[in-house]
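What follows is a short report on a single structure.
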Amino acid sequence: MLGKKTSKSEDFFRLTDEELMAKYKGGDAEAINELINRHGQRLYGFLVRQTGSRDRAEDVYQEVFLRVIKAAPRFKPNSHFTAWLYTIARNIIIDEARKNKHRKTESLDQSFGDASSITKLDLIPDKGPNPEENLRGIELANALEEGISKLSKEQREVLLLRERVGLSFKEIANVTDTPLNTVKTRMHYALGHLRKGLSEEGFLGEGAK
Amino acid sequence: MKCEETKDLLFDLLYGELPSEQEKDVIEHLAECSECGKEYHELKATRAAIDKLHEPELPLYLNNRIMAHAGEAAMQKKSMLDFLFRRPVATAAISFIAVSVVIIIGVRGMKENPKKDLSIAYSTEFKSAKPASPSQDRKVLRAKTNDYLSEFRGEGPTDAQPADTVVYPANDSAPAKTIETDDESIFAGFDIAMNMSGSTDPNQPSEQDGKSVDGLLGGANVSGNEAKTDEVSFEMAMVIPEGEKSKKGTDAAKEPEKPVTVAALSVTPEVKFGPKSAPEGAAVSGDKADSKDPFKKEWGWNVAKDSEEAAVKGQNPAEKKSRDQNNFEDLNTKTLSKLKSASKKAAVPANADTYDASAPKPAPALADTSVSTAPSSSAKREKAPVLETGKPGRISQWKNSPEKLVKKAQKKESKGDYVDALSLYEQALELMGYKSPGDMKTSCSKDLMQAVQGALKCYHRLGKTTQASELRAWYAKVCSGN
């Protein structure tokens with residue numbers, strides 16, 4: 001088209017998620033690879049934190065993309081892919097929770113995840129010049145993960161979708177099928193809880209370095 | 001603006017969702033009120049900290065599985081049907097070319113190389129009581145092909161014996177099944193002789209002698225009995241003469257023995273290089289000259305028929321069998337020696353009557369398994385970690401390197417086994433110099449940091465705060481020293 005040959009990955013890099021889905025619908029399997037590269041890591045992080053278990057997160061992760069592949073022909077070009085992806089993920093988590101209900105009863109306010117499911121390798125912040133700072137960073141990350149895991153399922157969901165995935169409140173409202181104000185309230189509380197926890201442990205405020 | 005009012009709007013300010021007028025008011029208040037300002041900055045810092053969190057490592061195999069599935073799904077979309085509909089002209093052209101090539105190859109194979117040095121000899125033993133099976137159909141088809149080939153060479157059809165008849169033992173009166181097909185070009189270019197003729201009477205000599213296709217080296221041996229089992233054993237041998245092939249009608253005794261290369265395939269557990277007597281009641285015919293070939297008898301070729309032949313010529317069948325036995329042994333010796341030299345595998349006794357492929361093979365020579373001092377091996381050794389002694393570590397030491405221990409510990413920890421994880425972390429730390437003389441000389445590596453943070457986490461989980469603070473202090477000293 002431009003008279004210059006570009007590699008497929010470069011072409012994909014320029015495409016939006018929705019355009020990639022259109023490519024995949026057209027039979028280009030590599031388009032899905034690009035989508036996985038873009039969203040896989042974040043989705044997996046969301047799932048690990050939401051399910052509280054790597055094993056469950058892996059199962060859900062695979063199921064999410066298998067459903068994406070299966071439902072690709074029905075994907076509308078004007079839809080927002082990320083919101084669609086996380087809607088699928090959320091639905092699978094809910095289905096899975098229903099299936100496992102007889103095994104484990106879970107309160108909505110109960111801490112759902114466990115920070116231990118995330119290894120320290122995941123928490124290592126960028127290496128700074130000072131090892132003490134490194135350690136401090138690790139401890140902050142641990143405290144933060146702990147705080148996130150203690151949030152209610154709904155609050156954690158909104159927090160992660162907003163802060164980690166980058167969806168707008170409106171999109172979160174659509175994904176979670178919740179009124180916009182409810183989403184904002186949850187986010188407000190989630191952030192407030194985390195701030196309070198970090199402040200108490202001396203990571204914020206005057207005591208913080 | 002009051003503090004309470006401002007605190008309600010802090011969140012909206014943080015996410016830029018305040019109308020511009022309100023935003024201005026809130027910012028003004030934050031500048032004046034230190035408490036509200038502090039809360040705002042803490043919220044901002046919390047957001048920044050969340051943003052810096054690392055995502056858990058995504059296992060690669062997950063994506064591989066998904067991609068495999070995606071590939072399959074995409075392939076289905078790009079199905080052949082789709083291709084046919086989109087490019088009918090190209091499809092027609094490709095089909096035409098493919099069919100033409102097959103026809104040309106087939107015809108040329110028959111014209112130019114009717115005596116191709118490739119024969120396939122079968123020995124099949126059907127224990128099924130039901131003879132009309134697809135494999136038999138195939139044999140009939142091959143037999144028909146022989147007729148066709150003979151006719152093509154001007155030898156006339158082998159009317160003397162019904163090639164399309166499968167003969168069963170006398171006590172098995174199952175009717176022969178005949179199939180008609182035009183697809184005889186399948187076997188073009190190959191002299192595949194599958195002579196299925198014979199008689200239900202084992203004493204009646206076969207009429208096919210001298211009628212089968214040139215270059216016939218093999219035959220089929222089909223037998224059936226009343227056993228009600230569907231077990232089917234199948235053995236196959238490819239006999240590829242290296243010299244010129246024997247010609248029809250020549251006396252095999254006058255011809256020098258031709259060297260043969262033998263490749264044997266079998267789906268039965270054993271491959272036997274030994275005389276095989278024809279099943280009772282089975283009569284199989286073959287080329288006269290080739291019937292002298294001892295190798296055929298090895299594969300159950302024509303033994304019954306040869307006995308009959310000998311009886312006709314006044315020879316003692318027992319004597320003939322004995323002679324054949326000797327021939328088999330000679331052949332086996334040669335064959336086995338060739339196999340030995342070709343495969344360089346386990347030694348097989350050269351005079352063994354039977355070579356059992358399933359039998360345990362002698363252990364290979366030490367030279368084959370010994371660790372060589374090839375450059376690749378030495379290069380591998382160079383990769384082994386250099387221990388603190390300055391000498392390259394052994395493999396066992398490398399297996400218990402701090403890095404490995406930390407990884408093991410992390411796995412344990414991810415499963416919630418903090419006690420074991422801590423033990424592994426402590427081992428790793430010890431290897432890296434913790435609580436050992438001169439531990440302050442330890443280098444502040446990434447491995448060390450991982451071990452320390454892992455151990456700290458485990459100490460924290462197990463309530464060992466003293467050890468945690470000791471370790472933290474040591475780590476701070478070590479790393480600040482470096």
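Per chain, numbering begins at 1; letters A, B, ... match sequence-line order.
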Open item on the list: Under 4.5 Å from any heavy atom of chain A, what part of B:L14 do you find: side chain, backbone, both or neither?
Closed with: side chain

Task: Exercise: identify the closest heavy-atom pair between B:D8 and A:H188 - done: O-CE1, 4.2 Å

Task: B:E39 portion near chain A, given a 4.5 angstrom heavy-atom threshold - done: both

Open item on the list: Is any side-chain heavy atom of B:L62 closer than 4.5 Å to one of A:F65?
Closed with: no

Open item on the list: Counting heavy-atom pairs closer than 4.5 Å to chain A, which one of B:D51, B:L456, B:T46 comes out on top?
Closed with: B:T46

- [ ] Count the heavy-atom pairs under 4.5 Å between each of A:R164, A:R42, A:M187, A:K70 and chain B, then report the option with the highest count.
- [x] A:R164

Task: Separation between CG of A:N142 and NZ of B:K457, rounded to the nearest 0.5 Å - done: 5.0 Å

Task: B:N64 portion near chain A, given a 4.5 angstrom heavy-atom threshold - done: neither

Open item on the list: Apply side chain to side chain contact (heavy atoms under 4.5 Å, CB included) to residues B:L53 and A:R49 and explain how you reach the verdict.
Closed with: CA-CA 12 Å; B:L53 277 181; A:R49 289 182 178 110; 4.0 Å; yes

TODO: Taking the side chain as every heavy atom from C-beta outward, state whether B:R472 and A:E139 have any pair of such atoms under 4.5 Å apart.
DONE: yes

Open item on the list: With a 4.5 angstrom heavy-atom cut-off, is it the side chain or the backbone of A:L43 that approaches chain B, or both, or neither?
Closed with: neither

- [ ] Assess whether side chain to side chain contact (heavy atoms under 4.5 Å, CB included) is satisfied between B:Y15 and A:K184, documenting all intermediate values.
- [x] CA-CA 10 Å; B:Y15 288 98; A:K184 283 186 178 178; over 6 Å; no

Task: Partner chain B: residue of A:G40, A:G45, A:A31 with the largest heavy-atom pair count (under 4.5 Å) - done: A:G45

Task: From CG (B:L43) to NZ (A:K196), nearest 0.5 Å - done: 13.0 Å

- [ ] With rounding to the nearest 0.5 Å, note down the distance linking CD1 in B:I50 to CZ in A:R162.
- [x] 11.5 Å

Task: Spatial distance of atom CG (A:L144) from atom NZ (B:K52) [nearest 0.5 Å] - done: 11.5 Å

